[in-house]
Amino acid sequence: MHRRACVNKALISALVALSATAPTIAQPAPATIKAAVADSRRSEANRARDQYRHPVETLTFFGVKPNQTIVEFIPGGGWYTEILAPLASAKGRYVALVSPRSAELANKLIADKQAWFGPATVATLDTATGTTTVAPGSADVVLTFRNVHNLTMGGDRATAPNAFKAFYAMLKPGGTLGVVEHRLPEARNSAEEQKSGYLKRSTVVRLATDAGFKLAGESEVNANPKDTADHPEGVWTLPPVMRLKDVDAAKYRAIGESDRMTLKFIKPKR
């Protein structure tokens, strides 16, 4: 009996180790996400970028559902807002999370499309202090697309940790933090993170785990092997910004948008 128990324990340990290293299996995309992405009301310019941003696959990987409270950190011009707000309009709730100084613009973005976006709202996060108007434990999902580099640039070492701690606090136990970010190869000098717009995977993982999150999975859906992440004007050399304008424009358009990591973190249920 003792020998059999030892064999069973060894087998269980092997299976656990295998599952921990196995690649994430792609899940079928829900019809609700497909419909939100296919909505003809999305701007033509935004729809043209689907080939680079892969919204169906990305939101499916993060496990986004229409009955959730979805918080998007720094929606910018509303690229993902045009997908997420309508997706959650009937059964869930979409919250645009912005800095206090950007609240007026975010409210206008929501108000201008209220008939389409439904009961979407705006909340604020002061990354200097970590103070937010999102209630603790109220969100099912927090999403941030290509924004973490902005938190780490500028020299204030508290800004990014404050933001991640706020994300953790606003999520329900078991809730998801989804991060898409421009990827800097791990072997490169970390000083490049301060000026290039690219971040190392290890940097994002450290920020999340220091805040209490557990890495639950990662996807290569937004990877771009053509991107070497060493351009004259950093990530802004590439589309859609094209900071060098006509200089080597064909070369950078051929590369396309940046190579991006797609990381899924979970707030433990404890």
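Side chains are part of it too, since the values below use all heavy atoms of this structure and drop only hydrogens, waters and symmetry mates. Everything numeric here is computed off the predicted structure, so don't read it as measured data.
Between the side chain of T58 and the main chain of P55, no donor-acceptor pair closer than 3.5 Å is present. Between the side chain of T176 and the backbone N or O of V141, no donor-acceptor pair lies under 3.5 Å. Counting only distance, with no hydrogens or angles, the side chain of N224 and the backbone of E257 share a donor-acceptor pair below 3.5 Å. For the pair D227 (side chain) and D259 (backbone), a donor-acceptor distance under 3.5 Å is present. Between the side chain of T124 and the main chain of T132, no donor-acceptor pair closer than 3.5 Å is present. Using modelled atom types, no side-chain atom of R183 and backbone atom of K200 make a donor-acceptor pair closer than 3.5 Å. Counting only distance, with no hydrogens or angles, the side chain of R47 and the backbone of D39 share a donor-acceptor pair below 3.5 Å.
Of all heavy-atom pairs spanning A160 and T152, the tightest one is CB-CG2, 4.0 Å. Residue I74 comes nearest to S99 through the heavy atom pair CD1-N, 4.3 Å, listed as atom of the first residue, atom of the second, then distance. Across every non-hydrogen atom of K195 and W236, the tightest pair is O-CZ3, 3.4 Å. Closest heavy-atom contact between P75 and A96: CG-CB, 3.8 Å. Taking every heavy atom of both residues into account, T60 and P28 meet most closely at CG2-O, 3.6 Å. Between A128 and N162, the shortest heavy-atom distance links the atoms O-ND2, 3.2 Å.
The residues E82 and K113 are annotated as salt-bridged, a charged nitrogen and a carboxylate oxygen being separated by less than 4.0 angstrom. For K65 and D140, the salt-bridge test fails: no basic side-chain N is under 4.0 Å from an acidic carboxylate O. Ionic pairing of E218 and R201 is present here: one or more N-O contacts between side-chain nitrogen and carboxylate oxygen are shorter than 4.0 angstrom.
For the pair T69/R93, a side-chain contact is recorded, criterion being any heavy-atom separation below 4.5 Å from C-beta on. Contact check for F61 versus V221: no side-chain heavy atoms found under the 4.5 Å cut-off. At least one side-chain heavy atom of V37 sits less than 4.5 Å from a side-chain heavy atom of D50. Looking at F145 and R53, their side chains come closer than 4.5 Å, going by heavy atoms from C-beta outward. Side chains of P268 and P173 form no contact here, defined as non-hydrogen atoms less than 4.5 Å apart. Under the 4.5 Å side-chain criterion, counting only non-hydrogen atoms from C-beta, V235 is not in contact with S196. In this structure, R253 and M242 have side chains that are in contact, with non-hydrogen atoms separated by less than 4.5 Å. A 4.5 Å side-chain heavy-atom check between K267 and L177 finds every atom pair outside the cut-off.
The line from CH2 of W79 to CD of E72 is 10.0 Å long, rounded to the nearest 0.5 Å. Here the straight-line distance linking atom CZ of R260 with atom CG of L199 works out to 13.0 Å at 0.5 Å rounding. Rounding to the nearest 0.5 Å places CD1 of I83 at 8.0 Å from CG of N46. Interatomic distance, R49 CZ to E44 CD, rounded to the nearest 0.5 Å: 14.5 Å. Taking OG1 of T144 as the reference point, atom CG of N147 lies at 4.0 Å (rounded to 0.5 Å). With rounding to the nearest 0.5 Å, the separation of OG in S102 from CG in L109 is 11.5 Å.
By the rule that hydrophobic residues join a cluster once side-chain heavy atoms approach within less than 4.5 Å of another member, V205 and F73 end up as members of one cluster. By the rule that hydrophobic residues join a cluster once side-chain heavy atoms approach within less than 4.5 Å of another member, I70 and L263 end up as members of separate clusters. The cluster map of Ile, Leu, Val, Met, Phe, Trp and Tyr, joined by side-chain heavy atoms under 4.5 Å apart, puts V71 and I33 in different clusters. Both I255 and V241 are members of a single hydrophobic cluster when ILVMFWY side chains are connected at heavy-atom separations under 4.5 Å. Hydrophobic clustering of Ile, Leu, Val, Met, Phe, Trp and Tyr side chains at less than 4.5 Å, counting indirect connections, keeps L184 apart from M261.
Note on ring orientation: taking the six-membered ring where Trp is involved, the planes of Y252 and H231 are perpendicular (angle over 60°, cut-offs 30° and 60°).
Between the side chains of S138 and K172, not a single donor N or O lies within less than 3.5 Å of an accepting N or O. Residues Y198 and S258 have side chains that never bring a donor and an acceptor to within less than 3.5 angstrom of each other. Of the N and O atoms on the side chains of N222 and T262, at least one donor lies less than 3.5 Å from an acceptor on the other residue. Judged by distance alone, the side chains of H149 and E181 do bring a donor and an acceptor atom under 3.5 Å apart. Side-chain contact, S202 with E186: a donor N or O sits under 3.5 Å from an acceptor N or O.
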side-chain contact (heavy atoms from CB on, under 4.5 Å) evaluation trace for N107 with E104: CA-CA 5 Å; N107 275 304; E104 184 177 351; 5.8 Å; no
Yes or no on side-chain contact (heavy atoms from CB on, under 4.5 Å) for F117 and D112, after CA distance, side-chain angles and deciding distance? CA-CA 9 Å; F117 288 174; D112 286 349; over 6 Å; no
When you look at V98 and V122, which way does the side-chain contact (heavy atoms from CB on, under 4.5 Å) test go after all the steps? CA-CA 7 Å; V98 300; V122 174; 3.9 Å; yes
Kindly indicate, with the supporting measurements, whether the criterion side-chain hydrogen bond (donor to acceptor under 3.5 Å, both in side chains) is fulfilled by E57 and S219. CA-CA 9 Å; E57 297 85 353; S219 171; over 6 Å; no
Does Y94 form a side-chain hydrogen bond (donor to acceptor under 3.5 Å, both in side chains) with T81? I'd like the steps, not just the answer. CA-CA 8 Å; Y94 170 82; T81 309; 3.0 Å; yes
Under the side-chain contact (heavy atoms from CB on, under 4.5 Å) rule, what do L143 and L84 come out as? Steps first, then yes or no, please. CA-CA 10 Å; L143 303 173; L84 293 170; 3.9 Å; yes
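The environment of Q114 atom CD is dense: over 12 non-hydrogen atoms of other residues, nucleotides or ligands sit within 6.0 angstrom.
The side-chain contact (heavy atoms from CB on, under 4.5 Å) test with V142 singles out one residue from L97, V95, L171, and that residue is L171.
Cation-pi geometry between K264 and F62 is not met at under 6.0 angstrom from the ring centre and within 45 degrees of the axis.
Between F164 and F213, the gap from one ring centroid to the other reaches at least 6.0 Å.
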